[in-house]
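Predicted, not measured: the structure shown is a model, and the values here were computed from it.
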Amino acid sequence: MNLNNRTNPSTAARRPLLAGPLLCCAVALGLVPTQDARATPGAGVTPRAVAIGVLPEPVRAKFKADNHDGFGSGTDVADIVMVEFTIAPGGYFGWHKHGGPVWVVVKQGSLMLYDSEDVTCTGTAYAAGTAFLDSGDHVHNARNEGSEPAVVYGTFMLPDDGALRIDAPNPGVCPF
């Protein structure tokens, strides 16, 4: 798949291409550091970019607030990025957040999601066939605590030049 292929001329007029989509994905997926040494990179996670699309015009997205802001009054989604992640048993993403909301679908195995604000370090389990919306604006970590590889799909809804991944320091709420 050629992720650099853009066929919509109005997109090119709106702004330059995604500053090298593959570099964008490499940075966002933790392959290139984006923060200082306090960041908590992942391990045992293999990303594969599935598709990158640029909307002709940004679309305003707002989700019902949960215990996070959900980007307050919303965010102008300009880019859609789909990534398949394979997480080895014991693998983890590291503490991070995103530049916009992310829909996550668990295709195989299971994933435990931990929130940086949960001082009890009680994760939420997601099994194959489940999905969730990550508002993106809070620090979290996801881990494969099962005995088989987990496969998850992330559909990132990003503002213009939004980051897929923003590394964060360990909040100290979990023993890992």
Between Glu148 and Pro89 the two heavy atoms that sit nearest each other are C-CG, 3.7 Å
Test item: Thr40 side-chain N/O and Ala168 main-chain N/O as donor-acceptor pair under 3.5 Å: yes
Asn141 side chain to Gly94 main-chain N or O, any donor-acceptor pair under 3.5 Å? yes
Residue pair Pro58 / Val77, side-chain heavy-atom distance below 4.5 Å: no
Return the minimal non-hydrogen interatomic distance between Asp79 and Pro159, and the atom names on each side. OD2-O, 3.8 Å
Closest heavy-atom pair, Pro101 versus Thr75, reported as atoms and distance to 0.1 Å, is CD-CG2, 3.8 Å
So, Asp76 side chain and Val59 main chain: donor-acceptor pair closer than 3.5 Å or not? no
Does Tyr92 belong to the same Ile/Leu/Val/Met/Phe/Trp/Tyr cluster as Ile166, with side-chain heavy atoms less than 4.5 Å apart forming each link? no
Do the side chains of Val102 and Tyr126 join up, straight or via other hydrophobic residues, at under 4.5 Å, putting them in one cluster? yes
Out of curiosity, Leu111 CG to Phe132 CZ, how far, rounded to the nearest 0.5 Å? 5.5 Å
Decide yes or no for Pro47 and Glu84: does some side-chain heavy atom of the first lie under 4.5 Å from some side-chain heavy atom of the second? no
Any heavy-atom pair between the side chains of Val81 and Leu164 that's under 4.5 Å? yes
Parallel, tilted or perpendicular: which one describes the rings of His140 and His138, with boundaries at 30° and 60°? tilted
Contact check, side chains of Met157 and Ile80, non-hydrogen atoms, under 4.5 Å: yes
Distance col, row Thr124:OG1 vs Asp118:CG, nearest 0.5 angstrom, shows 8.0 Å
Evaluate the side-chain proximity of Lys97 to Asp137: yes if any heavy-atom separation is below 4.5 Å, no if none is. no
Locate the shortest heavy-atom distance separating Ala142 from Leu113; write the atom from each residue and the value. CB-CD1, 4.1 Å
Rounded to the nearest 0.5 Å, what's the gap from CD1 on Ile87 to CD on Glu145? Could you check? 12.0 Å
Separation between CG of Asp167 and CZ of Phe93, rounded to the nearest 0.5 Å: 12.5 Å
Side-chain donor/acceptor of Ser110 to backbone N/O of Ala127, under 3.5 Å: no
Atom OG1 in Thr130, atom NZ in Lys107: separation rounded to 0.5 Å? 14.5 Å
Answer yes if the ring centres of Tyr153 and Phe85 are under 6.0 angstrom apart, and no otherwise. no
Looking only at heavy atoms, what is the nearest atom pair of Ala131 and Val105, with distance? CB-CG2, 4.1 Å
Taking the side chain as everything from C-beta on, heavy atoms only, tell me whether Phe176 gets closer than 4.5 Å to Cys121. yes
To the nearest 0.5 angstrom, please state how far the CH2 atom of Trp95 sits from the OH atom of Tyr114. 9.0 Å
